[in-house]
Engineer: 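Have a look at the structure that comes next, please.
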Amino acid sequence: MFYRENGQFNTTYAEDMAVFPIRQDRIGLALILGVAAIGVPLFGNSFFISSVMIPFLVYSLATIGLNILTGYTGLISLGTGAFMGVGAFACFKLTTAFPNVNIIFWILASGFFSAAIGMLFGLPSLRVKGFYLAVTTLAAQFFLQWCFIRIPWLYNDSASGAIEVARRTLFGFPITGAQASAQTRYLVLLGIVVFMTWIASNIVHGRIGRSWMAVRDMDIAAELMGIRLLPTKLTAFAVSSFYAGVAGACMMFLWYGGGEANDVFNINQSFNILFMVILGGLGSLVGSFMGAAFISSLPTIFKFGLPAIGINIGGATAEHLTFMVVGALIVIFLIAEPHGLARLWQITKEKLRLWPFPH
Amino acid sequence: MNVVADIIALDNAQPTAPRRIGEVMLKLDNVSLSFGGVKAIRDVSFDVRRGEIRAIIGPNGAGKTSMLNVINGFYHPQQGVITFKGEQRSAMRPYVAASQGIARTFQNVALFKGMSTLDNIMTGRTMKMKRGLFWQALRHGPAMAEEIEHRAVAERIIDFLEIAHIRKTPVGRLPYGLQKRVELGRALATEPELLLLDEPMAGMNLEEKQDMSRFILTVNDTFGTTIALIEHDMGVVMDLSDRIVVLDYGQKIADGTPAEVKADQKVIDAYLGVAH
């Protein structure tokens, strides 16, 4: 009754090609952005922001990255964790070498380094497909992880082998390091995520996005349309790794605040993000957010949410429970709704347009 | 925009205008193709003239589809010379053939299933779009102007093929006949000089065949697009085509106008079998 595009006419191609052609969608988006930018920092406490919202945003960014590769271009990658690590190390090296340049600039620039590494490991994608490509990206995961430990230059020869996040400021406010409040880190991260989501949406709705999907759906026909396979696949690897790299830098600098890269950017992380992509919906940006929200908030819900409503389970049990629930959901979704939460959301919207009528 | 002008011209086209068949556009000389021990094409020569509708017919397994695959670069023949627009071609990739103006449709529809009709046709415009990743990422200014310009072309094609009502439908949900039509639209969007159609009427009912024949004739008449088609419906082939080449077991057994081919004893034998 309320969600219907009656009376909204698109009179130009530009209007018709808008990402959100329906007015209600635009209002909804504005509301969500308003709540995220004003409501959450004003009314959310530090715990909620740092253990729910920040992980959610970091994982959303990484999931968008992998979704571009797996969901839009149809190339499976198990190296996301390592590409995130490349971003984190690049940002660390850059900000220690040039401490006066703003950290936000370096977080975004670190994406270019992981994009380059991603393209290098994407080269086999012209020849190998499916499982075999997954295995070559697995090689990237192990090789890069080896580099993270064995090349001391990467962590400035520190004895612990960890990335140390120093204090960096924006307009005098600390945004990284121990003094940075959860609210400021959250707002910086939100800015980055919103900006990069806008970019991703622009790319997938244009020529490049269509080429990716064409390669995914029918690569033989795509080549006949004049789409060259290798450059198209490499662009997908580059953009995808760029997003992973920025997500990795954000993870280290705006969430963890330093730590040992090997524990964070390992194969589990790669799988974790692949699960978010599958659960959220292959080939959907909205789905990326849904998948990330779902999986990244489950541990917190089990660890702190259940005790809060009186069900006391130990921390270890909560962790096991998370694995079990995620595992079960993956299986259920692959069987019942391979297109993930995004497809459920789409069905809901289609039903809502007709509601209260069945047809 | 050449195609826009053409399609506008199509609206006022005189159906009686004489069709012009020009010089030889594509020429195959002694082409042979084999996969291991299987000889798919044996020493076949024929040509396609600019502006004509050329049919390739033959019983199943005669090498017709292999022939199209040779023309647009999927297969590279072991022997023989292919001359396209006066230039001898070496082994080329399909995207090079596409950039030279060869488009095609497939026997089993090869659409991009996850995308809408409109996006499928827009994908056909990819070669003509020049803006790089930077402008694409902004989707404003030149990138948007380019997008709108090509959307206009895509819309003319959608109008022409009468598929406006399924513009935003994912093609995977469309019935077979419409999918074939979208595939034709996608091929037309590349503004081809030579259009290869692999069984455009396969699995269609009479009405759909009539529609498709009408589209093929109009494309040929109005845009002057050269068409090479494979088809099993002899009624359609005899009505549409200017010249027919007949293949059997990878060899050319006849070549000529529909009337000549129809009367050829070898063709009759190939289709009906001979008493031994």
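Values below: all heavy atoms of this structure, side chains included; hydrogens, waters and symmetry mates excluded. Just so it is clear: chains get the letters A, B, ... in the order the sequence lines come, proteins before strands, and each one is counted from 1.
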Engineer: Using a 6.0 Å cut-off, check whether atom CZ of A/Arg26 has over 12 heavy atoms from anything other than its own residue.
Structural biologist: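 Above 12, so yes.
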
Engineer: Just so I understand: if I count every heavy-atom pair under 4.5 Å between each of B/Leu133, B/Thr190, B/Val96 and chain A, which residue has the most?
Structural biologist: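 The answer is B/Leu133.
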
Engineer: Do other residues, nucleotides or ligands put more than 12 heavy atoms under 6.0 Å from B/Phe35 CZ?
Structural biologist: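 Count over threshold, so yes.
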
Engineer: Any non-hydrogen side-chain atom of A/Met17 less than 4.5 Å from a side-chain atom of B/Met144?
Structural biologist: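 Touching, per the 4.5 Å side-chain cut-off.
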
Engineer: With only heavy atoms counted, which part of A/Val239 is less than 4.5 Å from chain B, the side chain, the backbone, both or neither?
Structural biologist: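 When you check distances to chain B, only side chain atoms of A/Val239 fall under 4.5 Å.
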
Engineer: When you measure from the side chain of B/Gln136 to the backbone of A/Asn202, do you find a donor-acceptor pair of N or O atoms at a distance under 3.5 Å?
Structural biologist: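 Checked: no pair found.
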
Engineer: State whether the number of non-hydrogen atoms from other residues, nucleotides or ligands found under 6.0 Å of A/Lys349 atom NZ is greater than 12.
Structural biologist: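 Yes - once you tally the heavy atoms of other residues, nucleotides and ligands closer than 6.0 Å, there are more than 12.
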
Engineer: Are B/Leu138 and A/Trp198 side-chain neighbours, meaning at least one heavy-atom pair lies under 4.5 Å?
Structural biologist: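 Sidechains of A/Trp198 and B/Leu138: in contact.
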
Engineer: For the residue pair B/Thr126 and A/Arg210, establish whether any side-chain heavy-atom pair is separated by less than 4.5 Å.
Structural biologist: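 B/Thr126 vs A/Arg210: side chains apart.
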
Engineer: Checking heavy atoms, do the side chain of A/Ala200, its backbone, both or neither come under 4.5 Å from chain B?
Structural biologist: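 Neither; nothing under 4.5 Å.
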
Engineer: Inspect the surroundings of CZ in A/Phe112 and state if more than 12 heavy atoms from other residues, nucleotides or ligands are less than 6.0 Å away.
Structural biologist: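 12 or below, so no.
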
Engineer: Verify the neighbour count for atom OH of B/Tyr176: are there more than 12 heavy atoms of other residues, nucleotides or ligands below 6.0 Å?
Structural biologist: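 Atom OH in B/Tyr176 is packed in, count exceeds 12.
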
Engineer: Using side-chain heavy atoms (C-beta onward) and a distance below 4.5 Å, is A/Asp16 in contact with B/Arg151?
Structural biologist: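 Yes, side chains in contact.
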
Engineer: Quick check: closest heavy atoms across B/Gly132 and A/Ile208, and the distance to 0.1 Å?
Structural biologist: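 Heavy atoms only, the tightest pair is C-CD1, 4.5 Å.
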
Engineer: Might you confirm whether atom NE2 of B/His140 has over 12 heavy atoms from other residues, nucleotides or ligands at distances under 6.0 Å?
Structural biologist: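 No - once you tally the heavy atoms of other residues, nucleotides and ligands closer than 6.0 Å, there are 12 at most.
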
Engineer: Can any side-chain N or O of B/Arg104 pair as donor or acceptor with the backbone N or O of A/Leu224 at less than 3.5 Å?
Structural biologist: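 Such a contact is absent between B/Arg104 side chain and A/Leu224 backbone.
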
Engineer: Which value, rounded to the nearest 0.5 Å, describes the distance between B/Tyr95 atom OH and A/Leu230 atom CG?
Structural biologist: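 The CG atom of A/Leu230 is 9.0 Å from OH of B/Tyr95, to the nearest 0.5 Å.
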
Engineer: Do you know which of B/Ala110, B/Ser99, B/Gly124 has the most heavy-atom pairs under 4.5 Å to chain A?
Structural biologist: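 Sorted descending by pairs with chain A, the first entry is B/Ala110.
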
Engineer: How far apart are the closest heavy atoms of B/Ala98 and A/Gly226, and which atoms are they?
Structural biologist: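 Shortest heavy-atom contact: CB-N, 3.7 Å.
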
Engineer: Working to the nearest 0.5 angstrom, can you tell me the gap between B/Met122 CE and A/Arg207 CZ?
Structural biologist: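 Rounded to the nearest 0.5 Å, the CE-CZ separation comes to 11.0 Å.
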
Engineer: Do B/Met115 and A/Asp217 make a side-chain contact, defined as non-hydrogen atoms from C-beta onward lying under 4.5 Å apart?
Structural biologist: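 Yes - at least one pair of side-chain heavy atoms lies under 4.5 Å apart.
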
Engineer: Considering only heavy atoms from C-beta outward, does the side chain of B/Arg186 approach that of A/Met225 to under 4.5 Å?
Structural biologist: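 Yes, side chains in contact.
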
Engineer: Does the side chain of B/Arg139 come within less than 4.5 Å of A/Val19's, by heavy atoms?
Structural biologist: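 SC-SC contact between A/Val19 and B/Arg139 confirmed.
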
Engineer: Kindly check if the number of other-residue, nucleotide or ligand heavy atoms within 6.0 Å of CZ (A/Phe113) is above 12?
Structural biologist: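 For A/Phe113, atom CZ is not crowded (no more than 12 foreign heavy atoms under 6.0 Å).
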
Engineer: For A/Ile203 versus B/Ala137, what's the shortest heavy-atom pair and its separation?
Structural biologist: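 Distance-wise, the nearest heavy atoms are CG1-CA, 3.7 Å.
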
Engineer: Measuring heavy-atom distances to chain B, does A/Ile220 have an atom under 4.5 Å in its side chain, in its backbone, in both, or in neither?
Structural biologist: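 For A/Ile220, heavy atoms of backbone and side chain both lie under 4.5 Å from chain B.
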
Engineer: Between A/Ser211, A/Gly206, A/Ala222, A/Ala221, which has the largest tally of heavy atom pairs under 4.5 Å with chain B?
Structural biologist: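 So the answer, after comparing A/Ser211, A/Gly206, A/Ala222, A/Ala221, is A/Ala221.
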
Engineer: Would you please test B/Glu155 and A/Tyr13 for side-chain contact (heavy atoms from CB on, under 4.5 Å) and show each step?
Structural biologist: CA-CA 10 Å; B/Glu155 287 293 340; A/Tyr13 289 136; 3.2 Å; yes

